[in-house]
Amino acid sequence: MATIKDIAEKAGVSIATVSRVLNYDATLSVTDETRKKIFEVAEELSYKKRSVRTSTAKIAMIHWYTEKEELEDLYYMSIRFGIEQRCQQLDIQVVKYFYNNLEEIKQEEIQGMIAVGKFSENQVATLAEITDHIVFVDYSPDEDAYDSVVVDFEVATKKIINYLIEKGHQKIGYIGGRETFKDGSAEIEDLRDKTFRSYMQELNLFDENYMYIKTFTVNDGYKMMKQAIHDHGENLPTAFFAGNDLIAIGALRALLEENISVPERVNIIGINDISVSKYIYPSLTTLKVYTEIMGETAVDLLMERISGRKIAKKVFIATELIKRNSSF
């Protein structure tokens, strides 16, 4: 099994730096390039944090997706795998509930909970009645009160736009989705389309007609690209940023059906790097999110809280552009 020393030697940094990066030490000052290299080496060497035996802790994992929805979106499934894997390493018992069974959790004797997904203000209040120890994954309802593990979609979106511009694209479209809290209380603001709009305006490249928003599904990705092709014809943007890989996969299908060559005529980039992204045709360029690490980190944060930490932490997970055949 790989050790921190092995990672340090291969990455060319100190053992202390590796340890602090892998434990998301917010006080550590290193470049994004160094962080990325450490995570890449750790993944290459299949590094796993050392198992630490705990005192038979019991936690709850609250999932805002149903089992059927999770099967259709591997992003959240991968986060769950990370949570379960880390709990197994630490000998933690984890019980799983869905968002619509929140009242049932009150019957469990748990030390804390991990909430995966996006929860409304009322749902957060219900969870807070059950335990003071809550970590949110993929959402941060109150960074002063609760620990959270999230992706910085503002940085991610700018990273993708900058890459496309560096490749010579000026006409860039966006196909994305919106989500609603499961209790129907409100639509959730999405930083991907918000940042796309503001950053493209800042660059004097924004065109409202190139934005399409439905849901984060393969089917809607297909429909949105079909609509874009119908709307713009020969003036179709030369590149599209898709809000996730599922949308990108649907968009690729629509382009191929219309005999629009990818990447020669249109480039596509997604976000997440779900497992099937490398196997579709053409294989998908995407911004990889280390989803299993998100789950593992959530467990570690929760154990810190249970052990007495009082100050909330918000951890941003690193992303990496994976270049494949759907873009130059």
Side-chain angles (χ1 to χ4, degrees), residues 59-87 94-105 108 110 112-131 133-143 145-153 156 176-194 214-218 220 243-247 271-274 289-302 305 312-317 319:
I59 67 171
M61 175 168 54
I62 317 301
H63 209 312
W64 84 314
Y65 266 16
T66 64
E67 289 179 307
K68 182 178 183 297
E69 289 173 323
E70 188 187 63
L71 286 172
E72 294 172 353
D73 191 340
L74 301 181
Y75 173 81
Y76 285 109
M77 180 180 290
S78 181
I79 291 173
R80 176 171 62 80
F81 285 167
I83 293 170
E84 293 173 339
Q85 177 175 270
R86 187 65 175 142
C87 284
V94 56
V95 290
K96 180 178 176 180
Y97 286 91
F98 296 105
Y99 68 92
N100 56 348
N101 298 120
L102 297 185
E103 291 299 320
E104 294 182 17
I105 310 168
E108 296 279 359
I110 59 171
M113 66 173 66
I114 297 173
V116 181
K118 300 175 175 68
F119 296 83
S120 70
E121 185 176 330
N122 287 337
Q123 289 176 320
V124 171
T126 300
L127 297 178
E129 291 174 1
I130 301 169
T131 177
H133 305 136
I134 308 174
V135 177
F136 289 90
V137 187
D138 198 46
Y139 191 59
S140 180
D142 184 345
E143 61 187 56
Y146 304 107
D147 289 354
S148 59
V149 184
V150 296
V151 179
D152 191 333
F153 282 117
R178 291 275 174 79
E179 296 167 310
T180 302
F181 293 119
K182 294 296 187 178
D183 61 7
S185 59
E187 187 177 71
I188 303 166
E189 180 182 72
D190 189 85
L191 274 176
R192 283 159 286 197
D193 67 67
K194 180 181 179 181
K214 287 184 178 290
T215 68
F216 289 103
T217 63
V218 172
D220 272 349
N244 72 358
D245 287 354
L246 296 177
I247 289 176
I271 286 185
N272 292 344
D273 194 29
I274 60 175
V289 177
Y290 290 92
T291 44
E292 287 196 22
I293 292 177
M294 290 176 73
E296 293 173 1
T297 302
V299 176
D300 291 342
L301 290 178
L302 184 56
R305 275 289 200 173
K313 283 185 180 181
K314 185 176 184 179
V315 175
F316 290 99
I317 295 297
T319 58

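These numbers come from the heavy atoms of this one structure, side chains and all, not from hydrogens, waters or symmetry mates.
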Query raised in the report: Should Tyr97 and Met113 count as side-chain neighbours, where that means a heavy-atom distance under 4.5 Å?
Result: no
Report summary line: Taken in chain and number order and not counting sequence neighbours, the residues that satisfy side chain to side chain donor-acceptor pair (under 3.5 Å) with Glu143 are Lys314
Query raised in the report: Do Tyr290 and Glu296 have side-chain heavy atoms sitting under 4.5 Å apart?
Result: no
Query - Asp220: partners by salt bridge (charged side-chain N to carboxylate O under 4.0 Å, His left out), with sequence neighbours left out - result: none
Query raised in the report: Between Leu246 and Val218, does a side-chain contact (heavy atoms from CB on, under 4.5 Å) hold up when you go through it step by step?
Result: CA-CA 5 Å; Leu246 296 177; Val218 172; 3.9 Å; yes
Query raised in the report: Going through the distances and angles, do Phe216 and Asn272 end up as a side-chain contact (heavy atoms from CB on, under 4.5 Å)?
Result: CA-CA 12 Å; Phe216 289 103; Asn272 292 344; over 6 Å; no
Query raised in the report: Less than 4.5 Å apart, any side-chain heavy atom of Tyr146 and any of Leu127?
Result: no
Query raised in the report: Side chains of Phe316 and Val150: does their closest heavy-atom pair fall under 4.5 Å?
Result: yes
**Report entry** Nearest atoms (heavy-atom pairs only) where Arg192 meets Gly243
**Finding:** NH1-O, 2.9 Å
**Report entry** Any Phe136 side-chain heavy atom under 4.5 Å of Ile134 side chain
**Finding:** yes
Query raised in the report: What's the shortest heavy-atom distance between Phe119 and His63, and which atoms?
Result: CZ-C, 4.5 Å
Query raised in the report: Between Thr297 (side chain) and Ile293 (backbone), is there a donor-acceptor pair under 3.5 Å?
Result: yes
Query - Nearest atoms (heavy-atom pairs only) where Ala298 meets Val137 - result: CB-CG2, 3.5 Å
Query raised in the report: Quick one: CD1 on Ile105 to CD on Glu108, what's the gap to the nearest 0.5 Å?
Result: 8.5 Å
Requested in this report: With rounding to the nearest 0.5 Å, note down the distance linking CE in Met294 to CD1 in Ile114.
Outcome: 11.5 Å
**Report entry** Non-hydrogen atoms of Thr215 and Ile247 that approach each other most closely
**Finding:** O-CD1, 3.6 Å
Report summary line: Sequence neighbours excluded, the answer for salt bridge (charged side-chain N to carboxylate O under 4.0 Å, His left out) partners of Glu104 is none
Query raised in the report: Is there a side-chain contact between Ile130 and Ile110, using heavy atoms and a 4.5 Å cut-off?
Result: yes
Report summary line: The single option from Ile271, Asp138, Ile274 that satisfies side-chain contact (heavy atoms from CB on, under 4.5 Å) with Val289 is Ile271
Requested in this report: Taking salt bridge (charged side-chain N to carboxylate O under 4.0 Å, His left out) as the test, write out the residues that go with Glu121, two or more places apart.
Outcome: none
**Report entry** Partners meeting salt bridge (charged side-chain N to carboxylate O under 4.0 Å, His left out) with Arg80 (sequence neighbours left out)
**Finding:** Glu70, Glu84
Report summary line: Rounded to the nearest 0.5 angstrom, the CD-CD distance for Glu292 and Gln85 is 5.5 Å
Requested in this report: Indicate the atoms forming the closest heavy-atom contact of Cys87 with Ile59, along with that distance.
Outcome: SG-CD1, 3.7 Å
Query - Non-hydrogen atoms of Arg178 and Glu187 that approach each other most closely - result: NH1-OE1, 3.3 Å
Query raised in the report: Is a side-chain N or O of Arg86 found less than 3.5 angstrom from the main chain of Val299, in a donor-acceptor match?
Result: no
Report task. Taking side-chain contact (heavy atoms from CB on, under 4.5 Å) as the test, write out the residues that go with Ser120, two or more places apart. Result -> Asn122, Gln123, Phe181, Asp183, Ser185
